[in-house]
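Each remark here refers to the structure printed beneath this line.
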2 protein chains.
Amino acid sequence: MARWQPDAPGRLAAAALDLFEEHGYENTTVIEIAERAGLTKSTFFRYFPDKREVLFGGGTMNGLLAEGIASAPPAAGPLDAVADALDALGRTFFTADRREFSRRRQAVLNAHTELREREALKRIGLTASMTEALGRRGVPDLTARVAAQLGMLAWEFAYDQWIGTGNSEGFGPLARQALAEVRAAGAMR
Amino acid sequence: MARWQPDAPGRLAAAALDLFEEHGYENTTVIEIAERAGLTKSTFFRYFPDKREVLFGGGTMNGLLAEGIASAPPAAGPLDAVADALDALGRTFFTADRREFSRRRQAVLNAHTELREREALKRIGLTASMTEALGRRGVPDLTARVAAQLGMLAWEFAYDQWIGTGNSEGFGPLARQALAEVRAAGAMR
DNA sequence: GACAGTGATGGGACTTGGTCTCATCGACCG
DNA sequence: CGGTCGATGAGACCAAGTCCCATCACTGTC
């Protein structure tokens, strides 16, 4: 028999989300999270650099975004490449079975400034990943930045929709449509 | 004679910047900052909600941005209104005499994740202010968001230039030019 | 089959950020 | 003269985060 229960980080993340929902982020201590997961504070900080990070596990999004952009057809424009990347993201991370989890997680995030702050930092990283990947396609820097920003805006838009309504549509199509709308809005005077 | 030295928050901010430059953000304790300012930890937290915030004093930017957008000529498009707002910001906050301070502050910010995180949150607030102000002008929501994002991008661009090079140009003109470039880059395929 | 190494975990001391409550004491006012 | 006000100080207290060392089942080796 295994000496330890498997997937300590996963258990910690699940326990944290439960407790944050029940008592709020700031009324939950790391010790309580660890105890609910059958672990200790030491183990918590072995897996997560700080308390916030327990809600930001899937850190491979940067790579996936970059890949998605790199593998877009050579003739594709910057925004098309971004659309492909968002699509790839949707297929890997925003699958139907994770929708409920995402919804719960996002509700907690929205409720606490400290967590929205971390989210903002993550988004900067993701935007930077997209910008760099576009740069590697030969897109001029400023254009790349604008495209990445617009892509992030479309992402937020699509994510809200994907999470929010009873909408059962996949993330990919929602993102493509959001990006089209953003592109249209960008044609203002 | 006054019982206390004047401008406690200002002295705390100045002491903090000095110490962060000398020893780094994380190697500086709040107690050290307070002592250098001739105060105590209690007083520090009376003026600043946390250690990061000591570098983010001027919190009236939101209002100024909103005003700038509101008072743009009625015929002006969203991005023109944003340009006016950035101009107003430049006249009030990014004056020549604050350039050196801004440079030092930004160097510290760039060096510490915790501080860049806070900066990201502030930017979200500023972008939201612009979006709302544009909405009050009758700009459709999505268009407003895009314009605000592009404005923020131009801001970052102009700010880097204003701070970085020996460039003695004012912030306003730099921002206008940056916004023009961003606008051009937004016309991609 | 004994034994040393490994790796995930626990335990607890310690520093610092941040909160809270109460004390202090000059200035100001009636 | 006495009372209030307002900015500050003092210190207890809690939780986040760091560090170092102990534990102990599993694993491979001789």
Side-chain angles (χ1 to χ4, degrees), chain A residues 1-57 59 108-109 111-119 121, chain B residues 1-20 22-57 59 108-109 111-119 121-122:
Chain A
M1 190 175 97
R3 180 173 181 192
W4 298 289
Q5 296 301 312
D7 192 21
R11 278 153 49 213
L12 286 167
L17 184 53
D18 287 347
L19 288 168
F20 292 164
E21 280 177 332
E22 286 175 33
H23 311 127
Y25 175 78
E26 43 244 348
N27 295 321
T28 304
T29 73
V30 170
I31 294 185
E32 287 166 352
I33 298 170
E35 274 175 1
R36 174 163 306 199
L39 295 165
T40 64
K41 187 182 148 189
S42 295
T43 304
F44 181 97
F45 285 111
R46 202 163 290 127
Y47 288 108
F48 303 103
D50 61 46
K51 185 180 168 187
R52 291 157 222 103
E53 204 66 19
V54 73
L55 290 180
F56 295 86
V108 172
L109 257 55
H112 301 282
T113 307
E114 208 172 329
L115 293 171
R116 303 208 309 127
E117 197 170 24
R118 177 59 49 88
E119 194 188 19
L121 189 64
Chain B
M1 190 177 100
R3 180 174 181 194
W4 299 288
Q5 296 302 312
D7 191 22
R11 278 152 49 212
L12 286 167
L17 185 53
D18 286 349
L19 288 167
F20 293 165
E22 286 175 31
H23 311 125
Y25 175 78
E26 42 243 350
N27 295 322
T28 304
T29 74
V30 170
I31 295 186
E32 288 166 351
I33 298 170
E35 275 176 1
R36 173 163 307 199
L39 296 165
T40 63
K41 185 181 150 188
S42 295
T43 303
F44 181 97
F45 285 110
R46 219 185 307 275
Y47 287 109
F48 303 102
D50 61 46
K51 185 180 169 188
R52 292 160 220 100
E53 204 66 19
V54 73
L55 289 181
F56 295 86
V108 172
L109 257 56
H112 300 281
T113 308
E114 208 172 336
L115 293 171
R116 303 207 311 127
E117 198 170 23
R118 176 60 50 87
E119 193 188 20
L121 189 64
K122 297 286 182 188

Q: For residues A/Asp50 and A/Phe44, report the shortest heavy-atom separation together with the two atoms involved.
A: O-CE2, 3.9 Å
(Q) Rounded to whole Å, how long is the line connecting atom CG of B/Asp50 with atom C1' of C/dG17? (A) 9 Å
**Q.** Integer-rounded Å distance: D/dA10 P and B/Phe45 CZ
**A.** 16 Å
Pairs under 3.5 angstrom, nitrogen or oxygen only, protein versus nucleotides 6-8 of chain D, please.
residue: D/dG6; atom: N2; partner: B/Arg3; partner atom: NH1; Å: 2.9
residue: D/dT8; atom: OP2; partner: B/Tyr47; partner atom: OH; Å: 2.3

Q: Could you pull out all residues at least two apart from B/Thr40 that satisfy side-chain contact (heavy atoms from CB on, under 4.5 Å)?
A: B/Ser42, B/Thr43
Q.
For residues 25-45 of chain A, which residue pairs pass the salt bridge (Lys or Arg N to Asp or Glu O under 4.0 Å) check, not counting sequence neighbours?
A. A/Glu22-A/Arg36
**Q.** B/Val54 versus B/Ala16, closest heavy-atom pair with distance
**A.** CG1-CB, 3.7 Å
Q) What integer distance in Å separates B/Phe48:CZ from C/dG17:C1'? A) 15 Å
Q.
Based on the rotation axes of five pairs at each end, what angle does the helix from C/dG1-D/dC30 to C/dG30-D/dC1 bend through, to 10°?
A. 10°
Q: Output the single nucleotide from C/dT19, D/dG9, C/dG10 whose closest atom is nearest the side chain of A/Ser42.
A: C/dG10
Q: Find the distance A/Lys41:NZ to D/dC14:C1' and express it as a whole number of Å.
A: 11 Å
**Q.** Atom-pair distance (CZ on A/Phe44; C1' on D/dT18), nearest Å
**A.** 14 Å
Q. Has the side chain of B/Arg11 got a donor or acceptor atom that lies under 3.5 Å from a matching backbone atom of B/Ala37?
A. yes
Q: Mind running a 4.0 Å heavy-atom check of residues 22-36 of chain A against DNA chain D and sending the residues that fall below it, in number order?
A: A/Thr28, A/Thr29, A/Val30
(Q) Taking the cut-offs as 6.0 angstrom to the six-membered ring centre and 45 degrees off its axis, would you call B/Lys51 and B/Tyr25 a cation-pi pair? (A) yes
Q.
Could you work out, with side chain to side chain donor-acceptor pair (under 3.5 Å) as the rule, every residue matching A/Glu117, not counting sequence neighbours?
A. B/Arg118
Q. D/dA16 P sits how many Å from A/Leu19 CG, rounded?
A. 12 Å
(Q) Minimum heavy-atom separation for B/Arg116 and B/Leu109, please, with both atom names. (A) CG-O, 2.9 Å
(Q) When you compare the side chain of B/Phe20 with that of B/Asn27, does any pair of heavy atoms fall below 4.5 Å? (A) no
Q. Looking at CG of A/Asp18 and OG1 of A/Thr28, how far apart are the two atoms once the value is rounded to the nearest 0.5 Å?
A. 10.5 Å
Q: For residues A/Glu53 and A/Tyr47, determine if any side-chain heavy atom of one lies less than 4.5 Å from a side-chain heavy atom of the other.
A: no
